[in-house]
**Student:** 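My structure is below; once you've seen it, I'll send some questions.
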Amino acid sequence: MKNIALCSIVMATLLLASCGSKPKNTATDAETDAAVPARSEAAVAMLGKMAAVSQQKLLLFGHQDDPSYGHSWNGCTGDPAMEGRSDTKDVCGDYPGIIGFDLGDIENGVDKNLDGVPFDKIRKEAVAQYLRGGLVTMSWHCDNPLTGGDAWDFSNKGTVESILEGGSQYEKFQEWLGRVADFLGSIETPDGTKVPVLFRPWHEHTGSWFWWGQDICTQEQYVALWRMTFEFMQASGVNNLLWAYGPGAEPVDQQTYLERYPGDDIVDVMGFDTYQGADRDQYMQTMKRCLDIVVEAAATHGKVPAVTETGYESTPDPTWWTGTLLPAIGDAPVAYVLVWRNAWDKPDHHYGIYPGHESEADFMTFYNDPRTLFAKNN
Ligand code: BMA
């Protein structure tokens, strides 16, 4: 029986003490500590849970969009037969320990995200995941506020500058942040508990494929963007968030990993994203390099390390879960590993498991491994 032997509150208190953060309602000295984060009790407990998992060398399994749709089914049509469905559950009988969702398009005031998932569905599934004891993380593939393009439109190097204070798109972007704050602050259980969310904005910035990427903005602009985002949420009273810093796999050492780190006072989790391609050895080496960097950085800064995104598109390897993923992580104390989505409308675009996939039996071995945690283990 796997379980987190857990003193969440003790762990969280230690962790928060080590990073200088304080839970909400703690009196703060505005003069000396203006950016002290306010976190709800539930968010503090979530941080404690992740810290405990990491310290015990357990590993939460994560999957993007797990209950929203899966390989060949769409849970967003309103069809009651799809309620509660999950490719992961269809294989192993349990939901992932952590589920990821994406907020992309929320900035436009529309009701569905960039992959067609209604925000009402995301809210509902986030609450369900929390009530079953699982964790929730959210990324944001935000459109380009200057050009009108999508998150991958890096054609204008002035985008980040344009949304910072004094920039031409500042007002517009404040509105966008307002929509994010309204949504994140609206995710609550029937008894009124705001569901804690590990928010992971401005991810993979060490690459240059998003408008907030390495060659598209300066270090100062990137950090200012993070701070503005964080401070906006705090000022809006959204205190159910934890914050994840999630570079790509480009960093080669501590210095390059931390080059655009926004600061200990506003980050809780340190991660990285990397995917396997045809070259397994290269993936193993990249994972090792990134894990070494992230685990050391997290220890130095009192943060929780994680593999914020990974996978092997289509998983064309029948023993990938225990033959590659688990050995790649080795004994690195990461709290979770999240694999990307199983698109319902793109037959080869899947990173998780589903019934009938050639790696199904191996996924069961991964599921039964004493180290891996799913929703029921929490
Ligand atoms: C990417 C792909 C896209 C998707 C985006 C946001 O990696 O999966 O199809 O739109 O993530 O979820």
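Note that ligands are numbered from 1 as they come in the structure, with each ligand's atoms numbered from 1 the same way.
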**Student:** Grab the two heavy atoms, one from Trp243 and one from Ile266, that are nearest each other, plus how far apart they are.
**Tutor:**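 Heavy-atom minimum between the residues: CB-O, 3.2 Å.
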**Student:** Is Glu188 paired with Lys194 through a side-chain N to carboxylate O contact shorter than 4.0 Å?
**Tutor:**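 Judged by the 4.0 Å cut-off on N to carboxylate O distance, Lys194 and Glu188 do form a salt bridge.
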**Student:** Are Asp268 and Arg39 within salt-bridge range, i.e. N to O under 4.0 Å?
**Tutor:**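 Looking at Asp268 and Arg39, the cut-off is met.
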**Student:** Within the protein, flag every N or O under 3.5 Å from an N or O of ligand 1, and note the pair and distance.
**Tutor:**
unit_1: ligand 1; atom_1: 7 (O); unit_2: Trp340; atom_2: NE1; d: 3.1
unit_1: ligand 1; atom_1: 8 (O); unit_2: Trp340; atom_2: NE1; d: 3.0
unit_1: ligand 1; atom_1: 8 (O); unit_2: Arg341; atom_2: NE; d: 2.8
unit_1: ligand 1; atom_1: 8 (O); unit_2: His349; atom_2: NE2; d: 2.6
unit_1: ligand 1; atom_1: 9 (O); unit_2: Arg341; atom_2: NH2; d: 2.8
unit_1: ligand 1; atom_1: 9 (O); unit_2: Lys346; atom_2: NZ; d: 3.2
unit_1: ligand 1; atom_1: 10 (O); unit_2: Asp115; atom_2: OD1; d: 2.6
unit_1: ligand 1; atom_1: 11 (O); unit_2: Trp340; atom_2: NE1; d: 3.2
unit_1: ligand 1; atom_1: 12 (O); unit_2: Asp115; atom_2: OD2; d: 2.6

**Student:** Does the plane of the ring in Phe210 sit parallel, tilted or perpendicular to the ring in His141? Use 30° and 60° as the thresholds.
**Tutor:**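 Answer is perpendicular, since the angle exceeds 60°.
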**Student:** Less than 4.0 angstrom from a charged side-chain N to a carboxylate O is my criterion; do Glu309 and Arg341 meet it?
**Tutor:**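 Salt bridge between Glu309 and Arg341, a charged N being under 4.0 Å from a carboxylate O: no.
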**Student:** Could I get the full list of salt bridge (Lys or Arg N to Asp or Glu O under 4.0 Å) partners for Glu313, not counting sequence neighbours?
**Tutor:**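 For Glu313 there are no salt bridge (Lys or Arg N to Asp or Glu O under 4.0 Å) partners, ignoring immediate neighbours.
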